[in-house]
Amino acid sequence: MKLLVVGGGGREHAIIKSLKKNPSVTEIFALPGNGGIARDATCVPIGATDIDKIVAFAVENHIDYAVVAPDDPLVLGCVDALESKGIPCFGPRSCAAIIEGSKVFAKNLMKKYGIPTARYEVFDNMDSALRYLDTASIPTVIKADGLALGKGVIIASTREEAKAAVRDMMEGHIFGASGDHVVIEEFLTGPEVSVLAFTDGKVVKPMVSSMDHKRAGDNDTGLNTGGMGTVAPNPYYTPEVAQRCMEEIFLPTIAAMNAEGRTFRGCLYFGLMITPDGPKVIEYNCRFGDPETQVVLPLLESDLLTVMQATTNGTLAETEVKFADKHACCVITASNGYPTSYKKGFEITFTPEALEHTYIAGAKEENGKLVTSGGRVTGTTAVADTLGEAIREAYRLSDGVQFAGAYRRSDIGKRALQALK
Ligand code: AMP
Ligand code: GLY
């Protein structure tokens with residue numbers, strides 16, 4: 001089988017490494033992939049949002065199955081376009097990807113179908129939003145409606161900060177048209193859990209839970225990033241919490257999307273907060289998380305391609321989705337200065353052992369060398385019988401990834417370890 005994977009980060013590298021385990025796979029193309037992914041797939045310089053070129057490439061190369069991994073091509077209708085040429089795909093169509101593409105859509109869906117989430121108001125007029133903030137409870141959370149590269153969420157601890165965020169989004173257009181509508185919502189507290197789930201629109205099969213570490217600095221300080229590391233499973237996701245999530249969140253969400261005529265097939269990501277009132281949805285993503293995928297897929301014992309195809313064919317009920325009873329930890333190595341400004345172009349070196357356990361995100365090939373080309377450069381994952389061992393091993397291995405200005409948080413998994421004790 002010839003496969004195509006749209007995207008080019010650490011998540012896509014993890015997906016490709018997992019897909020390669022299926023013996024019927026003869027070739028994998030990554031569009032655009034990156035210099036590290038090139039070791040495991042044929043990279044083709046077509047951007048992940050260049051849908052016309054992606055479709056033309058897939059048709060010309062007789063692709064048997066396509067995996068669309070990032071949010072923007074999903075929201076833009078990459079799956080719809082490939083399917084219209086008869087190419088089966090993993091991922092939701094555009095009408096379902098809106099669950100991530102529009103926070104206003106997601107919040108209204110949850111309200112309509114009674115799915116637990118933070119209380120909220122939607123504004124399309126700046127003056128009404130500012131007036132509302134005169135009496136809203138503080139801290140409060142301001143969210144731009146559309147995709148904003150994970151940066152469209154501001155937690156404001158004063159009224160002034162909240163108003164400045166609304167002005168920046170609605171008047172300053174710092175997130176472009178994403179800020180035409182804003183959601184202002186209640187600030188929730190509690191541990192966060194990421195649950196990625198396979199669904200064919202009929203049944204939902206959650207993957208092992210995970211914990212992201214979004215802030216740039218140790219002890220959850222500094223700016224929000226795309227994620228500096230992950231562990232799986234997440235100790236806060238107890239069997240009781242899992243059952244409540246299935247009954248109160250996962251199944252109702254699948255049913256709600258069907259009722260809206262927007263059947264979701266693919267990987268639905270539930271960003272959850274375990275509040276004193278029970279689990280609530282912080283956000284939905286229409287795709288695998290990054291770097292959650294880098295700890296979840298190494299624990300998957302079932303064949304990824306088989307499970308993906310079952311979501312496309314509507315046969316997920318009969319397909320086993322099994323995870324190892326082990327622990328995984330992924331430590332991101334980033335360019336010093338990320339997520340604001342950082343230098344690129346530094347040569348990356350690996351010990352052979354580190355290379356084997358590392359997914360490559362922000363790197364490109366230059367004169368036969370791998371050099372840094374992004375903020376998050378690599379993710380190194382270790383799997384072990386205990387969380388403590390997985391963390392130690394992930395750090396030991398990531399020491400074998402070197403480049404000028406390499407930066408890692410030093411406390412990935414620390415909070416999870418404390419929660420286990
Ligand atoms: P998002 O981009 O929606 O994942 O939001 C980024 C981060 O903001 C989340 O991971 C949470 O830590 C935080 N966050 C979002 N919404 C809320 C909320 N209603 N209450 C507290 N924290 C929130
Ligand atoms: N790690 C968070 C995300 O993928 O959105």
Side-chain angles (χ1 to χ4, degrees), residues 7 9-12 14-15 69-72 74-75 97 99-107 110 116-122 136-157 162 165 169 175 178 182-197 207 209-216 220-232 234 236 267-277 279-297 330 332 334 339 359 361 375-376 379 409 412 415:
R11 165 185 56 202
E12 287 76 8
I15 290 172
D71 47 3
D72 30 6
L74 288 166
V75 171
I99 198 164
E100 174 170 3
S102 166
K103 293 203 194 293
V104 173
F105 172 86
K107 295 298 289 190
M110 289 186 270
T117 188
R119 281 195 299 272
Y120 71 101
E121 297 287 335
V122 176
S137 64
I138 297 293
T140 190
V141 184
I142 321 282
K143 299 185 171 182
D145 178 40
L147 297 178
L149 300 169
K151 297 190 185 116
V153 175
I154 306 290
I155 313 238
S157 41
M169 288 182 195
F175 303 121
S178 283
V182 301
V183 174
I184 301 182
E185 71 177 32
E186 174 196 12
F187 176 73
L188 298 177
T189 55
E192 287 185 56
V193 179
S194 306
V195 178
L196 320 183
M207 299 178 222
S209 62
S210 54
M211 182 191 284
D212 194 4
H213 297 68
K214 285 206 169 119
R215 302 293 200 94
D220 297 324
T221 54
L223 293 172
N224 250 324
T225 70
M228 293 300 294
T230 36
V231 293
N234 184 321
Y236 293 102
C267 172
L268 185 50
Y269 169 132
F270 298 89
L272 306 168
M273 196 173 267
I274 317 303
T275 76
D277 301 329
K280 295 191 180 180
V281 177
I282 290 284
E283 61 161 350
Y284 292 113
N285 291 325
C286 64
R287 52 170 174 86
F288 279 98
D290 189 342
E292 283 89 343
T293 307
Q294 291 91 311
V295 282
V296 168
L297 291 186
C330 173
I332 297 292
Y359 303 113
R376 289 189 296 178
R409 265 180 70 160
I412 302 302
R415 191 158 169 229

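Both counts, for ligands and for their atoms, begin at 1 and track the order of listing.
- Between the side chain of N234 and the backbone N or O of E192 there is at least one donor-acceptor pair closer than 3.5 Å.
- Panel note: side chain R287, backbone P70; no donor-acceptor pair is recorded below 3.5 Å.
- Proximity of D212 to ligand 1, defined as any heavy-atom pair under 4.0 Å, is not found for any part of the residue.
- Taking distance alone, with nitrogen or oxygen atoms compared against 3.5 Å, N224 stays at or beyond that limit from ligand 1.
- Side-chain contact, E292 with S210: no donor N or O sits under 3.5 Å from an acceptor N or O.
- S102 and D145 form a side-chain donor-acceptor contact under 3.5 Å, judged by distance and modelled atom types alone.
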- Task: With side chain to side chain contact (heavy atoms under 4.5 Å, CB included) as the test, would you mind laying out the steps for T221 and R409 before giving the verdict?
- Result: CA-CA 10 Å; T221 54; R409 265 180 70 160; over 6 Å; no

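- Contact annotation for E186 and ligand 1: only backbone heavy atoms (N, CA, C, O) come within less than 4.0 Å of the ligand.
- Between Y284 and Y269, the ring center distance fails the sub-6.0 Å criterion.
- Scanning for salt bridge (Lys or Arg N to Asp or Glu O under 4.0 Å) contacts around K143 gives E185, with sequence neighbours left out.
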Tabulation required: pairs of a nitrogen or oxygen in ligand 2 and a protein nitrogen or oxygen under 3.5 Å; columns are atom names and distance to 0.1 Å; otherwise 'none'.
unit_1   : atom_1 : unit_2 : atom_2 : d
ligand 2 : 1 (N)  : D212   : OD2    : 2.9
ligand 2 : 1 (N)  : D290   : O      : 2.9
ligand 2 : 1 (N)  : E292   : OE1    : 2.8
ligand 2 : 1 (N)  : E292   : OE2    : 3.3
ligand 2 : 4 (O)  : R287   : NH1    : 3.0
ligand 2 : 4 (O)  : D290   : N      : 2.9
ligand 2 : 5 (O)  : N285   : ND2    : 3.2
ligand 2 : 5 (O)  : R287   : NH2    : 2.9

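- The N/O atoms of V141, backbone and side chain alike, include none that comes under 3.5 Å of an N/O atom in ligand 1.
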